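Values below: all heavy atoms of this structure, side chains included; hydrogens, waters and symmetry mates excluded. Positions are given from 1, in the same order as the sequence printed here. Owing to the predicted nature of the structure, the values given are computational and were not obtained by experimental measurement.
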Amino acid sequence: MKLNGRSYDRRSLARLAGDLGAAGGVRSVVLDDGTERGIRTLEFRTGAGLSFDVLVDRAMDLGGAEFEGRGFGWRSATGFRHPGLHEYRDDDGLSMMRSFSGLLLTAGLDHTLFGAEVDASQYRYPPRRTAVHALHGRVGNLPARLTGYGERWEDDGRCVLWAEGEVRQAAVFGEHLRLTRRIEADLGGTEIRLTDRVRNAGFDPTPHMYLYHVNVGWPFLDEGARYELPPHRTLWQSDSVAEQGVSNTDLPGPLPGFVEQVYEHALEPDAAGLVRPRLVNERLGVYFELEYDTAQFPSFFQWMHLREGAYAVGFEPSTHHVRGETAAREDGTMTFLEPGEERLYTTAFRVGAV
């Protein structure tokens, strides 16, 4: 393991500091002001310039994130709002926009993309014949049960910083889905590893949709930054692309009145089925990279929100295409998990120098 250009093992590091926190680690804190008050947070520091926050009370999503003192996890005006303030059906189903901030917002577990009213007869409860969904589902505003966190030394000399928790999305006469999330980073490393398992813990076939809304903001995102995609085909784009004509690869600074531009791309994977879209800022000499498995996430959306005051770009691997749940049910691509069935998702976030 390397720190500050030198190699260390557990013993040599212990000789220098009685507390591993001198090099890095995981610390539990509680945010205590404004709309963020009461949010349990885990602060990760790898000692190699990477630091990031895990929002335990927001599905263990990733909040603020920095590399060598420069932020890359998007921070919007909403801050990391406490889930107790969230009203799922507010703003005609767009309530997520009142708590939309951070490097990662998880969407699902039974619905993603725009709102829909869909058949719920599989739950066999006559008063609830349909389920009404809001944008990107419920999971991103559900607190996790934290099952553990800390630092673990491996036999190969690595020290792994980790956290694990479970998020339960359940209703009587409705879905019972459980997300088990594990987050890891190596002491001395610049990579975040995310392992998610979504299980149908109920006894009825249950819809499942899943999407990561990965959001990079200033200063990694700035005028002259590049959004780099593997070889790809563009399958769909929003009307705003033709109306505005803003490049989706060579990015401008914040624009007044910009309307979000969204693309669905088919990305060409490597031999292992992995793709690695990235954002590169040569002026700062840094990059952000997302790695995911196309067998787990067959769809990918590129989100551009370059408006003043809400300046961000997004990387969105998804289990379903951009047309959403109603279309997926109609064309036969909707996923239903049988009782006890689970899905695994493994993803990596990387930062570094270019």
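- No more than 12 heavy atoms of other residues, nucleotides or ligands lie within 6.0 Å of CD in E223, so this atom counts as exposed by the packing criterion.
- Stacking of R278 on the aromatic ring of Y287 is recorded, both the 6.0 Å distance cut-off and the 45° axial limit being met.
- If you chain together hydrophobic residues whose side chains sit under 4.5 Å apart, L211 and Y263 never meet in one group.
- Taking 4.0 Å as the cut-off between side-chain N and carboxylate O, E43 and R45 do not count as a salt-bridged pair.
- W303 pairs with exactly one of F100, Y212, Y227 by the ring-ring contact (aromatic ring centres under 6.0 Å, His included) rule, that one being F100.
- A donor-acceptor contact closer than 3.5 angstrom links the side chains of Q302 and H265.
- Residue-environment remark: CH2 (W218) stays at or below the threshold of 12 foreign heavy atoms within 6.0 Å.
- Considering every non-hydrogen atom in both Y149 and S28, the closest pair reads OH-CB, 3.4 Å.
- Within the 6.0 Å centre-distance limit, the rings of Y345 and F297 are counted as a close aromatic pair.
- For N248 and Q261, the side-chain atoms include no donor-acceptor pair closer than 3.5 Å.
- A donor-acceptor contact closer than 3.5 angstrom is absent between the side chains of T112 and H136.
- We find that E282 and R226 are joined by a salt bridge, their nearest charged nitrogen and carboxylate oxygen being less than 4.0 Å apart.
- Across all non-hydrogen atoms, the minimal contact from Y292 to S299 is OH-O, 4.3 Å.
- Ring-centre distance between F52 and F349: not below the 6.0 Å cut-off.
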*Take E184 and R152 through the test salt bridge (charged side-chain N to carboxylate O under 4.0 Å, His left out) and record every step on the way to the result.*
CA-CA 10 Å; E184 294 187 345; R152 184 186 71 252; 3.8 Å; yes
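- Ion pairing between a basic and an acidic side chain is recognised when a charged N comes within 4.0 Å of a carboxylate O; D156 and R158 show such pairing.
- Of the possible polar contacts, one joining the R307 side chain to the F258 backbone as a donor-acceptor pair under 3.5 Å is found.
- Of the N and O atoms on the side chains of E117 and T130, at least one donor lies less than 3.5 Å from an acceptor on the other residue.
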_Audit row: L109, V167, side chain to side chain contact (heavy atoms under 4.5 Å, CB included) steps and yes/no_ = CA-CA 10 Å; L109 298 169; V167 184; 5.7 Å; no
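- Between W236 and F301, the distance separating the two ring centers is not shorter than 6.0 angstrom.
- At most 12 heavy atoms of other shown residues, nucleotides or ligands fall within 6.0 angstrom of atom CG in D92.
- At a threshold of 4.0 Å, the pair D61-R181 counts as salt-bridged, since one of the basic side-chain nitrogens sits closer than that to a carboxylate oxygen.
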